[in-house]
Amino acid sequence: MLELDMAQRRQLAASAHHLNPVVMIGKDGLTENVISELDRNLLKHELIKIKVLEGDQEQRTAFLEQICLALNAAPVRHIGKILIIYRFNPDKKIAATTTPAKTKAKPKSEPKSRSQSAQSVKKNKLRK
């Protein structure tokens, strides 16, 4: 199981705030299908939320520990029925750095500005 320090947990919890749960654990608990779905989502997203529909706090804490041990993930936060876990994906970082560079956009030409004297002439005409 991965270990995170408090600063990392705080940052990851803030990043997970806008996320929706990707997996829901129902009355059947942690099955092979749930674990495989969690693994698939961790590979894709690294940081995920899980919603536990049934059980008390002790059972949800046990689920969090079992998930993190089975998937070599780090527990980030457990608030109510929501579990947040994180697992670093080194392939995702490599894929992000090997993507082809975007073509450079043409620089926008600046609008032609009038000379200072032309602007002052126009102002003088308006004042009269």
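Bear in mind that the values here come from a model prediction, so they are computed numbers and not experimental data.
Under 3.5 Å, the side chains of Glu37 and Asn33 contain no donor-acceptor pair of N or O atoms.
How far SG of Cys68 is from OH of Tyr86: 13.0 Å, rounded to the nearest 0.5 Å. Taken to the nearest 0.5 Å, the OG1 atom of Thr31 stands 8.5 Å off from the CD1 atom of Ile25. A distance of 10.5 Å separates CD of Glu3 from CD of Gln8, quoted to the nearest 0.5 Å. Atom CD of residue Gln11 and atom CG of residue Leu4 lie 10.5 Å apart, to the nearest 0.5 angstrom.
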Problem - From CA spacing to verdict: side chain to side chain contact (heavy atoms under 4.5 Å, CB included), Lys44, Leu42 - result: CA-CA 5 Å; Lys44 187 175 180 182; Leu42 281 171; over 6 Å; no
Handout entry: Verdict with reasoning, Arg9 to Arg77, per side chain to side chain contact (heavy atoms under 4.5 Å, CB included)
Key = CA-CA 8 Å; Arg9 278 195 183 141; Arg77 186 154 291 166; 5.8 Å; no
Exercise for the section: Show your reasoning for whether side chain to side chain contact (heavy atoms under 4.5 Å, CB included) applies to Arg87 and Leu71. Expected result: CA-CA 8 Å; Arg87 183 176 70 187; Leu71 299 174; 3.9 Å; yes
Exercise for the section: Decide yes or no on side chain to side chain contact (heavy atoms under 4.5 Å, CB included) for Ile48 and Leu19, but give the supporting numbers first. Expected result: CA-CA 7 Å; Ile48 61 171; Leu19 298 177; 5.9 Å; no
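Taking hydrophobic clusters as Ile, Leu, Val, Met, Phe, Trp and Tyr residues chained together by side-chain heavy-atom distances below 4.5 Å, Phe63 does not share a cluster with Ile82. In the hydrophobic clustering of this structure, Val23 does not group with Val76; members are Ile, Leu, Val, Met, Phe, Trp, Tyr whose side-chain heavy atoms approach within less than 4.5 Å, directly or through other members. Leu12 is not connected to Leu2 by any chain of hydrophobic side-chain contacts under 4.5 Å among Ile, Leu, Val, Met, Phe, Trp and Tyr, and they are in different clusters.
Considering every non-hydrogen atom in both Asn89 and Leu43, the closest pair reads ND2-O, 2.6 Å. The two residues His78 and Leu83 come nearest to each other via the heavy atoms CD2-CD2, 3.4 Å.
Proximity of a side-chain donor or acceptor of Arg60 to a complementary backbone N or O of Val52 within less than 3.5 Å is not detected. No donor-acceptor pair closer than 3.5 Å links the side chain of Asp39 to the backbone N or O of Ile35.
Summarising the local packing, CD of Gln57 is surrounded by 12 or fewer heavy atoms from other residues, nucleotides or ligands at distances under 6.0 Å.
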